[in-house]
Amino acid sequence: MTGTGAPGGRIAPEELRSHQWYGTDGLRSFSHRARTRQLGYLPEEHLGKPVIAILNTWSDINPCHVHLRERAQAVKRGVWQAGGFPLEFPVSTLSETFQKPTPMLYRNMLAMETEELLRSYPVDGAVLLGGCDKSTPALLMGAASVDLPTVFVPAGPMLPGHWRNEVLGSGTDMWKYWDDKRAGLIGDCEMAELESGLARSPGHCMTMGTASTLTAAAEALGVTVPGASSIPAVDSGHDRMAAQSGLRIVELVWRQTTLSQILTADAYEDAVATVLALGGSTNAVIHLIAMAGRSGVKLTLDDFDRIARTVPVLANLRPGGKYLMEDFHFAGGLPGFLARLTDVLHLDRPTVAHSTLREQLDGALVHDADVIRERNDPLADEGGVAVLRGNLCPDGAVIKHIAAEPHLLRHTGPAVVFDDYREMQRTINDPALALTPDHVLVLRNAGPKGGPGMPEYGMLPIPDYLLKQGVRDMVRLSDARMSGTSYGACVLHIAPESFVGGPLALVRSGDLITLDVGARLLHLDVSDEELELRRSEWTEPPARYGRGYGALYQDQITQADTGCDFAFLARQGDVPDPYAG
């Protein structure tokens, strides 16, 4: 809505949401004002001003967000300068590095916390501070459900890693050198050096992993200030961006530019195109579908596959390419990148910073055509994620095919089945399995319910004895996810998952499986009659949780193809604004 009580299309102070708490003559407003005095604030500091909630996912054990205490101060500085009143709220931190079994289990918990906090307190707008993989979608899912004016502040990528004479990418080079160690190519001394060189500063992974993919998607959606997603976390420009976000949110509140005006169907299509052209993480498929659902927009796997066929991969970034996020930033960042894609974007939609995306991209330049490729010189002709269908994944599966060895993109081989991740860890190097490069490794019971939480188990390890022979990729299938920094011919998110009786539960070692990425096919070469017989013999495994949040999770979680949201949160329905009294 746009109020009429002030000039220039702005609302009047009496139309602020926080006025319900502070501005009436009743006992409750008296109490709210008195308690605000208790906090040490003068009436002149907050009455009649937009109250801005700064949701901060800082934590001592989240290296991606360890600098966000300082960034919150910069946001406050911007809010004060613009005439608003900032209030910082600590919210759950989802540390990809440390939280087990997986922070994906808790994404929806942070989304719930975000929604209920913004709904229940006297705030007029929100600035969301996050960036580690699950925090970006969680914060935006919760905020979308409340629909206040909102700006997102990405945590920013860490500095490039260094080891001896090599530039390292977190995650991607961890997997690479760990395999080198297992293959006997490097030893403990080298690994000790790598421990200190892989991650050198605050910030999330500096490859085009899930964190960078999702923050880029947030910028493409239009909920950040321009260029925000690629600024290195420790760059002084990151502090300035945070202050700019504080300035901007106050103007959005006065003009009542709510999140639903930004997060439109066109915006989500542009975010999908951006992710695919970046060669981004497969995790973005799940998160964007869930985010879109909270915005009342239906986004499906078919939309990803359709858009993938219309955009090339232009970002030469690891794990599918050569460079890192700092290189991308100085090559032009997302504004320069999107300027290469204007023919497929919806340029007349608004962003939090400009009336239209067209205006936002005006004058955006690319300064290094090897980092951000020309359209006639792409890294790949089609978007970096393919959606597969077939009798093994009736509701779909995904593969990041640009990060796989090309000869495996059309492959038929016998399955070797692992019933859970621990069994796989115990037995993968057993010579009795007699694994060859042609085998198809299958992991089940690693999906949303089976994982639990759909852990990043999808980059199944290659046996040590094959690594020593020089084998670095095999076809691997699971109902799990994998890190956006990972690589390989890994088919992920198989739906429905095996834990609920999906076809993956019926695969037996020795069955032939065909992967054909060009045909978008994943097929189990077993007759329908045999599959029905196996299904009749299948029994449902016991629930993972008997109580607590885990029990709520397993009762309400949806499957990967619909975003792994909670069913009671994903459905449409009215929620009343609280009565402030």
Side-chain angles (χ1 to χ4, degrees), residues 96 101-102 104 107 133-134 137 171-172 175 208-210 213-214 275-276 279-290 300-301 304-305 308 319-320 383-390 392-405 408-409 411 415 417-418 420-421 424 440-462 473-500 502-505 507 513 515-517 520-524 558-564:
E96 200 66 33
T102 167
M104 184 64 178
R107 183 200 69 181
D133 297 13
K134 312 306 179 295
T172 301
W175 313 120
M208 188 45 70
T210 303
T213 300
L214 267 295
V275 165
L276 294 168
S281 168
T282 50
N283 287 310
V285 178
I286 291 176
H287 296 313
L288 282 172
I289 288 173
T300 68
L301 290 178
F304 277 84
D305 200 52
V385 175
V387 175
L388 308 174
R389 301 282 183 178
L392 197 47
C393 54
D395 292 337
V398 301
I399 182 172
K400 187 173 181 176
H401 52 94
I402 66 164
E405 291 190 7
L408 292 174
L409 299 182
H411 178 84
V417 179
F418 303 95
D420 62 61
Y421 192 71
M424 183 275 301
V440 176
L441 304 181
V442 177
L443 173 67
R444 56 187 171 211
N445 295 315
K449 291 191 176 185
M454 207 178 180
E456 292 184 339
Y457 292 163
M459 188 182 173
L460 278 68
I462 293 169
D473 200 3
M474 295 173 67
V475 175
R476 290 160 273 181
L477 317 180
S478 72
D479 44 17
R481 299 175 300 109
M482 78 175 184
S483 167
T485 66
S486 302
Y487 50 84
C490 302
V491 177
L492 311 158
H493 310 179
I494 289 177
E497 64 174 307
S498 55
F499 197 81
V500 300
L504 194 65
V507 181
I513 294 175
L515 168 67
D516 188 337
V517 173
R520 300 298 198 260
L521 176 69
L522 183 65
H523 182 74
L524 176 64
T558 63
Q559 290 291 296
D561 60 302
T562 54
C564 294

Which donor-acceptor pairs under 3.5 Å do side chains of residues 486-497 form with protein atoms, sequence neighbours excluded?
{"unit_1": "Ser486", "atom_1": "OG", "unit_2": "Trp175", "atom_2": "NE1", "d": "3.2"}
{"unit_1": "Ser486", "atom_1": "OG", "unit_2": "Ser483", "atom_2": "O", "d": "3.3"}
{"unit_1": "Tyr487", "atom_1": "OH", "unit_2": "Lys176", "atom_2": "N", "d": "3.3"}
{"unit_1": "Glu497", "atom_1": "OE1", "unit_2": "Lys449", "atom_2": "N", "d": "3.3"}
{"unit_1": "Glu497", "atom_1": "OE1", "unit_2": "Gly450", "atom_2": "N", "d": "3.0"}
{"unit_1": "Glu497", "atom_1": "OE2", "unit_2": "Lys449", "atom_2": "N", "d": "2.8"}
{"unit_1": "Glu497", "atom_1": "OE2", "unit_2": "Gln559", "atom_2": "NE2", "d": "3.0"}

Ignoring hydrogens and angles, write down the donor-acceptor pairs under 3.5 Å from the side chains of residues 474-481, residues two or more places apart or on other chains.
{"unit_1": "Arg476", "atom_1": "NE", "unit_2": "Met474", "atom_2": "O", "d": "3.0"}
{"unit_1": "Arg476", "atom_1": "NH1", "unit_2": "Leu460", "atom_2": "O", "d": "2.6"}
{"unit_1": "Arg476", "atom_1": "NH2", "unit_2": "Asp473", "atom_2": "OD1", "d": "2.6"}
{"unit_1": "Ser478", "atom_1": "OG", "unit_2": "Ala480", "atom_2": "N", "d": "3.2"}
{"unit_1": "Asp479", "atom_1": "OD1", "unit_2": "Ala446", "atom_2": "N", "d": "3.0"}
{"unit_1": "Asp479", "atom_1": "OD1", "unit_2": "Gly447", "atom_2": "N", "d": "3.3"}
{"unit_1": "Asp479", "atom_1": "OD2", "unit_2": "Ser498", "atom_2": "N", "d": "2.9"}
{"unit_1": "Asp479", "atom_1": "OD2", "unit_2": "Ser498", "atom_2": "OG", "d": "2.8"}
{"unit_1": "Arg481", "atom_1": "NE", "unit_2": "Met454", "atom_2": "O", "d": "2.7"}
{"unit_1": "Arg481", "atom_1": "NH1", "unit_2": "Asn283", "atom_2": "OD1", "d": "2.9"}
{"unit_1": "Arg481", "atom_1": "NH1", "unit_2": "Glu456", "atom_2": "OE2", "d": "3.2"}
{"unit_1": "Arg481", "atom_1": "NH2", "unit_2": "Thr102", "atom_2": "OG1", "d": "3.2"}
{"unit_1": "Arg481", "atom_1": "NH2", "unit_2": "Met454", "atom_2": "O", "d": "3.1"}

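Two residues are said to be in side-chain contact when any heavy atoms from C-beta on lie closer than 4.5 Å; Pro452 and Pro101 meet this criterion. Met424 has its side chain within reach of Pro461: a pair of non-hydrogen atoms, C-beta onward, lies under 4.5 Å apart. In this structure the side chain of Leu408 never reaches within 4.5 angstrom of the side chain of Val517, judged on heavy atoms. In this structure, the side chains of Val442 and Phe418 stay at 4.5 Å or more apart for every pair of heavy atoms. You'll find the side chain of Ile286 reaches within 4.5 Å of the side chain of Met104, heavy atoms only. Between Phe304 and Val385, every side-chain heavy-atom pair lies at or beyond the 4.5 Å cut-off. In this structure, the side chains of Arg444 and Val507 come closer than 4.5 Å at one or more pairs of heavy atoms.
A pairwise comparison of heavy atoms in Gly280 and Met208 identifies CA-CG, 4.0 Å as the closest pair. Smallest separation of non-hydrogen atoms from Thr558 and Gly563: OG1-C, 4.3 Å. What you find for Lys400 and Gly484 is that their closest heavy atoms are NZ-O, 3.6 Å. Considering all non-hydrogen atoms of both residues, Ala284 and Thr213 come closest at CB-CG2, 3.7 Å.
Among Leu301, Leu388, Asp561, the single residue meeting the side-chain contact (heavy atoms from CB on, under 4.5 Å) criterion with Val398 is Leu301.
The structure places CE of Met459 at 12.0 Å from CG of Leu441, a figure rounded to the nearest 0.5 Å. To the nearest 0.5 Å, atoms CG (Asp133) and NE2 (His287) are separated by 6.5 Å. To the nearest 0.5 Å, atoms CD1 (Ile399) and OG1 (Thr282) are separated by 10.0 Å. In this structure, OH on Tyr457 lies 12.0 Å from CG on Asn445, to the nearest 0.5 angstrom. With rounding to the nearest 0.5 angstrom, the CD atom of Glu96 is 7.0 Å from the OG1 atom of Thr210. To the nearest 0.5 angstrom, Ile513 atom CD1 is 8.0 Å from Leu504 atom CG.
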- What's the verdict on side-chain contact (heavy atoms from CB on, under 4.5 Å) for Cys564 and Arg107, showing C-alpha distance, side-chain angles and the deciding distance? CA-CA 9 Å; Cys564 294; Arg107 183 200 69 181; 4.2 Å; yes

- Item | Worked verdict on Val275 versus Leu288 for side-chain contact (heavy atoms from CB on, under 4.5 Å) | CA-CA 10 Å; Val275 165; Leu288 282 172; 4.0 Å; yes

